[in-house]
Amino acid sequence: MSFVDYEVNGQVGIITIDRPKALNALNSQVLDDLSAVLDGVDVNTVRCLIVTGAGDRSFVAGADIGEMSTLTKEEGKAFGKKGNDLFRRIETFPIPVIAAVNGFALGGGNELAMSCDFRIASENAVFGQPEAGLGITPGFGGTQRLARLVGPGYAKQMIYTARNIKADEALRIGLVNQVVSAEELMPTALKLAQTIAANAPIAVRACKKAVNEGLEKEMDEAVTVEEGLFGSCFESEDQKEGMANFLRKKDDPKKVKHVAFKNA
């Protein structure tokens with residue numbers, strides 16, 4: 001039985017973690033199902049992904065404590081690697097990934113959301129890394145991505161205290177990009193995804209790669225990465241038509257036309 005659903009809406013793929021009775025908690029099967037869904041995404045036609053949770057209570061309430069409670073040290077390390085490998089794959093996926101956070105995003109849920117390019121939250125969303133209260137550390141990248149997103153001070157406070165925060169505080173510290181009503185969450189995320197999908201796919205992919213790789217390097221190396229990706233966009237049909245359309249608009253606004261960028 002699959003715990004992850006996938007549907008395509010135009011050029012946007014929507015991934016839904018569907019284990020509502022467990023508040024969409026991540027066990028090994030969910031991680032495997034999510035990986036299998038990523039395997040099946042056709043990045044030649046789909047230009048942006050949205051990840052959300054089934055129901056209106058929870059995005060992902062965390063990793064499955066029932067499964068984790070009996071793990072040995074080596075099994076715990078292996079489970080952490082399984083989650084980290086998957087979330088790193090999401091983080092570096094060729095196309096952008098938006099988290100639509102509809103409720104609890106705790107532990108592994110917050111870590112999943114942080115592996116996405118950015119996060120849109122409903123007003124009832126709750127974020128946290130409660131692991132210290134369970135006798136463990138965050139294991140799916142929480143200690144690393146949270147500090148990078150909100151700064152080490154806020155990250156350490158959240159992690160050490162195991163305290164949850166509401167959507168408005170998550171917005172204030174930069175953990176999420178936008179907070180909307182529960183009813184507007186998916187329409188807002190879909191509109192953003194469609195806006196991204198309307199831009200040149202080669203350029204969007206290059207932008208994601210430039211940001212991700214640049215953050216891991218010193219500035220002198222980072223701008224070199226950008227230069228290479230910038231250059232790689234030239235001579236593509238998207239670049240030629242996009243710039244030609246801009247020049248047409250500058251020369252005579254009546255000549256401007258909608259640019260339907262080709263698939264990557």
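Counting begins at 1 with the first residue of the sequence. In this text, all values refer to a predicted model and were calculated from it rather than measured experimentally.
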Residues Gln29, Asp33; criterion side-chain hydrogen bond (donor to acceptor under 3.5 Å, both in side chains); working and verdict: CA-CA 6 Å; Gln29 184 63 55; Asp33 290 347; 2.7 Å; yes

Intermediate values then yes/no, side-chain contact (heavy atoms from CB on, under 4.5 Å), Lys249 and Asn245: CA-CA 6 Å; Lys249 181 178 180 180; Asn245 196 50; 5.9 Å; no

Verdict with reasoning, Asn199 to Arg47, per side-chain contact (heavy atoms from CB on, under 4.5 Å): CA-CA 9 Å; Asn199 286 325; Arg47 297 184 180 180; over 6 Å; no

side-chain hydrogen bond (donor to acceptor under 3.5 Å, both in side chains) between Glu67 and Ser28, worked out: CA-CA 8 Å; Glu67 179 177 349; Ser28 294; 2.4 Å; yes

side-chain contact (heavy atoms from CB on, under 4.5 Å) assessment of Ile15 paired with Glu7: CA-CA 7 Å; Ile15 298 172; Glu7 62 178 304; over 6 Å; no

CA sep, side-chain torsions, deciding dist, call: Leu26, Leu34, side-chain contact (heavy atoms from CB on, under 4.5 Å): CA-CA 10 Å; Leu26 303 172; Leu34 187 50; 5.5 Å; no

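Under the 4.5 Å side-chain criterion, counting only non-hydrogen atoms from C-beta, Gln194 is in contact with Leu190. Counting heavy atoms from C-beta on, the side chains of Met186 and Ile14 come closer than 4.5 Å. Residues Phe79 and Leu31 have side chains in contact (heavy-atom distance under 4.5 Å, counting atoms from C-beta outward). Ile95 places none of its side-chain heavy atoms less than 4.5 Å from the side chain of Cys48. In this structure, Asp117 and Ile98 have side chains that are not in contact, with every pair of non-hydrogen atoms separated by 4.5 Å or more. Under the 4.5 Å side-chain criterion, counting only non-hydrogen atoms from C-beta, Val46 is in contact with Tyr6.
Interatomic distance, Arg19 CZ to Ser2 OG, rounded to the nearest 0.5 Å: 12.5 Å. For the atom pair OG (Ser58) and CG (Asn24), the distance works out to 5.0 Å, reported to the nearest 0.5 Å. Distance check: Glu111 CD to Cys116 SG gives 12.5 Å after rounding to the nearest 0.5 Å. Note that CD1 of Ile173 and CD of Glu169 are 6.0 Å apart. Values are rounded to the nearest 0.5 Å. Between the CG atom of Leu171 and the NZ atom of Lys166 there is a distance of 15.0 Å, given to the nearest 0.5 Å.
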Please output the side-chain donor-acceptor pairs of residues 121-133 that fall under 3.5 Å, not counting sequence neighbours, one pair per line with the distance.
residue : atom : partner : partner atom : Å
Ser122  : OG   : Val101  : O            : 3.3
Ser122  : OG   : Asn124  : OD1          : 2.4
Asn124  : ND2  : Asp56   : O            : 3.2
Gln129  : OE1  : Asn110  : ND2          : 2.9
Gln129  : NE2  : Glu131  : OE1          : 3.2
Gln129  : NE2  : Glu131  : OE2          : 3.1

Under 3.5 Å, which donor-acceptor pairs link side chains of residues 147-159 to any protein atom two or more places apart or in another chain?
residue : atom : partner : partner atom : Å
Arg148  : NH1  : Gln144  : O            : 3.2
Arg148  : NH1  : Gln144  : OE1          : 3.2
Tyr154  : OH   : Arg172  : NH1          : 3.2

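Considering all non-hydrogen atoms of both residues, Ala63 and Phe140 come closest at CB-CE1, 4.3 Å. Summarising the geometry of Gly139 relative to Asn84, their closest heavy-atom pair is O-ND2, 3.0 Å, with the distance given to 0.1 Å. Closest of all the heavy-atom pairs between Asn102 and Gly53 is ND2-O, 2.8 Å. Heavy atoms only, all atoms of each residue included: Ile196 and Pro96 are closest at CG2-CG, 3.8 Å. Glu213 approaches Lys209 most closely through the heavy-atom pair OE2-NZ, 2.7 Å. Here the shortest heavy-atom pairing between Pro201 and Asp238 reads CD-OD2, 3.3 Å.
Taking the six-membered ring where the residue is Trp, the centroids of Phe87 and Phe93 are separated by 6.0 Å or more.
Screening Leu38, Val12, Ile90 for a side chain to side chain contact (heavy atoms under 4.5 Å, CB included) with Leu49, the sole residue that qualifies is Leu38.
Between the side chain of Asn27 and the main chain of Val30, a donor-acceptor pair closer than 3.5 Å is present. Distance alone, capped at 3.5 Å, places no donor-acceptor pair between the Lys208 side chain and the Thr92 backbone. Here the side chain of Asn177 pairs no donor or acceptor atom with the backbone of Phe118 at under 3.5 angstrom. Under a 3.5 Å cut-off, the side chain of Arg119 and the backbone N or O of Leu175 do form a donor-acceptor pair. Side chain of Thr52 to backbone of Ala100: a donor-acceptor contact under 3.5 angstrom is found. Using a distance-only test at 3.5 Å, with no hydrogens or angles considered, a donor-acceptor pair links the side chain of Ser232 to the main chain of Leu229. A donor-acceptor pair is defined here as one N or O able to donate and one able to accept, closer than 3.5 Å; no such pair exists between the side chain of Asp64 and the backbone of Ala25. Asp18 places no side-chain N or O within 3.5 Å of a backbone atom of Val4 that could act as its donor or acceptor partner. Under a 3.5 Å cut-off, the side chain of Asp5 and the backbone N or O of Ile17 do not form any donor-acceptor pair. Formation of a donor-acceptor pair under 3.5 Å by the Glu221 side chain with backbone atoms of Lys217 is not found in this model.
In this structure Glu91 satisfies the salt bridge (charged side-chain N to carboxylate O under 4.0 Å, His left out) test together with Arg88, Arg145, sequence neighbours excluded. For the ring-ring contact (aromatic ring centres under 6.0 Å, His included) test, no residue two or more places apart in sequence or in another chain qualifies with Tyr160. Here Lys81 pairs with Asp85 under the side chain to side chain donor-acceptor pair (under 3.5 Å) rule; sequence neighbours left out. Take Asp168 and apply the side chain to side chain donor-acceptor pair (under 3.5 Å) test, not counting sequence neighbours, and it matches no residue.
Taking hydrophobic clusters as Ile, Leu, Val, Met, Phe, Trp and Tyr residues chained together by side-chain heavy-atom distances below 4.5 Å, Ile202 does not share a cluster with Met243. Residues Phe59 and Phe3 fall within the same hydrophobic cluster, defined by Ile, Leu, Val, Met, Phe, Trp and Tyr side chains chained together at heavy-atom separations under 4.5 Å. Connection of Leu112 to Leu23 is not established within any shared hydrophobic cluster, with ILVMFWY side chains joined at heavy-atom distances below 4.5 Å, either directly or through further cluster members. Connection of Val8 to Val37 is established within a shared hydrophobic cluster, with ILVMFWY side chains joined at heavy-atom distances below 4.5 Å, either directly or through further cluster members. Linking Ile, Leu, Val, Met, Phe, Trp and Tyr residues whenever their side-chain heavy atoms come within less than 4.5 Å leaves Phe104 and Leu146 in two separate clusters.
With respect to the salt-bridge test (charged N to carboxylate O, under 4.0 angstrom), the residues Arg248 and Glu241 qualify. One finds a salt bridge joining Arg89 and Asp39 here, because a Lys/Arg side-chain nitrogen approaches an Asp/Glu carboxylate oxygen to under 4.0 Å.
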